[in-house]
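Have a look at the structure below before the remarks.
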Amino acid sequence: MKFQIPTTIYQEKDCVKNHAKELAAFGSHAFIITGRHSSKKNGSLDDVCAALSAEGVAYTVFDEIEENPSVETCRKAAEIGMKEGAKFLIGIGGGSPMDASKAIALLMGSKTLDTSIFYANAKAAGKPLPVVEVSTTAGTGSEVTPYAILTLHDAHTKQSISHRIYPAIALCDPKYLTFSSPRILKNTAVDALAHLVESTLNTNTTLYSRLCTEYGLKLWGQIKDDLAKDALTEEDYALLMQIATVAGMAITHTGTSIPHGLSYPVTYEQHLAHGAACGLFLPGYLDFCAKQEKAHAAAKCSTITDHDTEDIYRLLGVADLQELTAILHSLLGDMEVAEELWKKDVEMISVNEAKLKNCPYAITRGDLEGFLEKYK
Ligand code: NAP
Ligand code: ZN
């Protein structure tokens, strides 16, 4: 059993300012990777620029990262970063800029614009430049995970790059969350819930990863009512940040499973936000695993028990799957998947070895086809 999170995490008010010297230690020129709008509105970009200026570090800003970042945008950014001679990267925003900064760091560290290295053997790439992440959403956990998920337009889906790139530092200031719309807060909180559930019901779950998931599920249970009522308090924002980060630590060790795998084509084709698309498939996954638990001796992992789904409901403070599904509905609303897309999605996940192996039970096409119904 192994547990390793090499990222240094600071979760506190004004952590960007407080740790400016640690940023400066990475070099004389920072490449800031962010989205088009939010980091300018919530103060995170100003905080980072001020911290760098105070330490005499030059910086270049690339603010064109789209939601679900594409390979092409990462390439465009890397070209600029290399021309500018940046020595390290700072991703500011939600999972999209944070993931993109890891992929851009890989190209820059490898001194190449050949994006085929993203999905090639680790040996095909050089050492990524150091990455600092400033998270402004509480969902993906990308500030601590080694994953970077990019949009592949040719394949009409999204996929994690094959390299593991851990951020050197994660700066998590809950004050940035107060600028989020209720929609973004709900979608991202459900993403964190999906990470907690998929990491628990996972072939790779261990007693260590469960320290994270049990803690995260309990905290999620504490904030769920305020989240649904759009009545989050300062304390809730801090808890949301913690939930996302511990859930990120958990999936770093286990990976995600079927709901995440099913979500990618739906996000690509129907533009459903990442967290919402994962939430759509959670009831189906929980229902499937609950049925399998009865015969848990068949599970691919000895940590799996015959009461894991019940434990999830208990930690979340809900009676059963029906109550949890009602909560997901109140947070995410109605969602549909077009029939043709759904057929293709089931086909794709049925051959997605990476996601299937993380599911602790053998799963058939018939099982998968029933997933959509369970959200209703
Ligand atoms: P996101 O795509 O990063 O951002 C969604 C929206 O929220 C954008 O419009 C963004 O605006 C805005 N936003 C961000 N922070 C805000 C704030 N504090 N206040 C107001 N608006 C804010 O959303 P996300 O859900 O955090 O990330 C999703 C991505 O992460 C997906 O690509 C997903 O595949 C990936 N992901 C990665 C991991 C991992 O382990 N690496 C895990 C799960 C998901 P701007 O565009 O203007 O910034
Ligand atoms: Zn996710």
Side-chain angles (χ1 to χ4, degrees), residues 6-66 69 73-109 111 127-138 140 142-144 148 165-180 184 234 237-238 241 244-245:
T7 306
T8 302
I9 305 160
Y10 294 107
Q11 197 206 315
E12 72 212 17
K13 193 163 179 294
D14 300 326
C15 52
V16 171
K17 187 174 161 199
N18 298 345
H19 301 283
K21 283 202 184 335
E22 284 162 71
L23 300 188
F26 291 111
S28 55
H29 192 149
F31 193 27
I32 297 174
I33 305 300
T34 190
R36 288 188 190 275
H37 307 291
S38 66
S39 64
K40 293 171 191 127
K41 291 188 189 146
N42 63 34
S44 52
L45 181 58
D46 278 349
D47 285 354
V48 169
C49 294
L52 294 172
S53 296
E55 295 301 321
V57 177
Y59 57 83
T60 302
V61 178
F62 182 86
D63 63 358
E64 296 175 37
I65 301 298
E66 69 276 49
T73 304
C74 292
R75 186 187 185 283
K76 180 178 178 188
E79 189 170 11
I80 295 169
M82 285 196 262
K83 269 196 198 127
E84 296 284 332
K87 305 285 185 261
F88 68 104
L89 290 91
I90 305 181
I92 310 177
S96 297
M98 290 195 283
D99 281 10
S101 64
K102 297 174 195 170
I104 298 162
L106 183 72
L107 288 177
M108 290 176 67
K111 297 188 174 46
K127 193 168 175 247
L129 294 188
V131 181
V132 173
E133 304 289 18
V134 178
S135 55
T136 69
T137 62
T140 69
S142 180
E143 66 276 9
V144 289
I165 301 168
Y166 288 96
I169 299 183
L171 297 166
C172 314
D173 187 336
K175 78 180 174 205
Y176 303 133
L177 299 181
T178 62
F179 293 82
S180 271
I184 290 173
E234 198 175 323
Y237 285 117
M241 269 292 184
T245 304

- Could you walk me through whether Tyr59 and Ser53 pass the side-chain contact (heavy atoms from CB on, under 4.5 Å) test, one step at a time? CA-CA 9 Å; Tyr59 57 83; Ser53 296; 3.7 Å; yes
- Task: With Tyr176 as reference, evaluate Thr136, Thr137, Asp47 under the side-chain hydrogen bond (donor to acceptor under 3.5 Å, both in side chains) test and give the passing residue.
- Result: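 The option that passes is Asp47.
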What are the two closest non-hydrogen atoms of [X] and [Y], and how far apart are they?
X: Phe88; Y: Gly27; value: CE2-O, 3.5 Å
X: Gly85; Y: His29; value: O-CB, 4.1 Å
X: Val144; Y: Ala170; value: CG1-CB, 4.5 Å
X: Ile104; Y: Cys74; value: CG1-O, 3.6 Å
X: Ala100; Y: Ile33; value: CB-CG2, 4.3 Å
X: Ala20; Y: Glu55; value: O-CG, 3.7 Å

- Query: Is Lys40 salt-bridged to Asp46, going by a charged N under 4.0 Å from an acidic O?
  - Reply: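 Looking at Asp46 together with Lys40, the answer is no, because their closest N to O distance does not fall below 4.0 Å.
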Interatomic distance, [X] atom [atom1] to [Y] atom [atom2] [nearest 0.5 angstrom]:
X: Ser101; Y: Glu133; atom1: OG; atom2: CD; result: 3.5 Å
X: Ile32; Y: Ser44; atom1: CD1; atom2: OG; result: 10.0 Å
X: Arg75; Y: Ile80; atom1: CZ; atom2: CD1; result: 11.5 Å
X: Phe26; Y: Leu129; atom1: CZ; atom2: CG; result: 11.5 Å
X: Lys175; Y: Glu12; atom1: NZ; atom2: CD; result: 10.5 Å
X: Glu84; Y: Phe62; atom1: CD; atom2: CZ; result: 12.0 Å

- Close side-chain approach of Glu143 to Cys172, heavy-atom, < 4.5 Å: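 They are in side-chain contact.
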- Any side-chain heavy atom of Tyr237 within less than 4.5 Å of one from Thr178?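 Side chain of Tyr237 against side chain of Thr178, heavy atoms only: contact under 4.5 Å found.
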- Task: Start with the C-alpha gap between Lys102 and Ser142, add the side-chain angles, then the distance that decides, and say whether side-chain contact (heavy atoms from CB on, under 4.5 Å) holds.
- Result: CA-CA 10 Å; Lys102 297 174 195 170; Ser142 180; 3.0 Å; yes
I'd like to know if the side chain of [X] reaches the main chain of [Y], judged simply by a donor and an acceptor atom lying under 3.5 Å from each other, with no hydrogens or angles considered.
X: Lys41; Y: Ser39; value: no
X: Asp63; Y: Gly35; value: no
X: Thr7; Y: Pro167; value: yes

- Task: Could you please spell out the steps behind the side-chain contact (heavy atoms from CB on, under 4.5 Å) verdict for Leu171 and Leu23?
- Result: CA-CA 10 Å; Leu171 297 166; Leu23 300 188; 4.0 Å; yes
- Message: Please tell me whether Thr245 and Gln11 have a donor and an acceptor in their side chains that are separated by less than 3.5 angstrom.
- Response: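 Short answer, no.
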- Any chance the side chains of Glu66 and Ser96 put a donor and an acceptor closer than 3.5 Å?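 No, no side-chain donor-acceptor pair sits under 3.5 Å.
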- Walk me through it: do Val48 and Thr34 pass the test side-chain contact (heavy atoms from CB on, under 4.5 Å)? CA-CA 11 Å; Val48 169; Thr34 190; over 6 Å; no
- Message: Parallel, tilted or perpendicular, judged at 30° and 60°: which one describes the rings of His19 and Tyr10?
- Response: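 Ring orientation of His19 relative to Tyr10: parallel.
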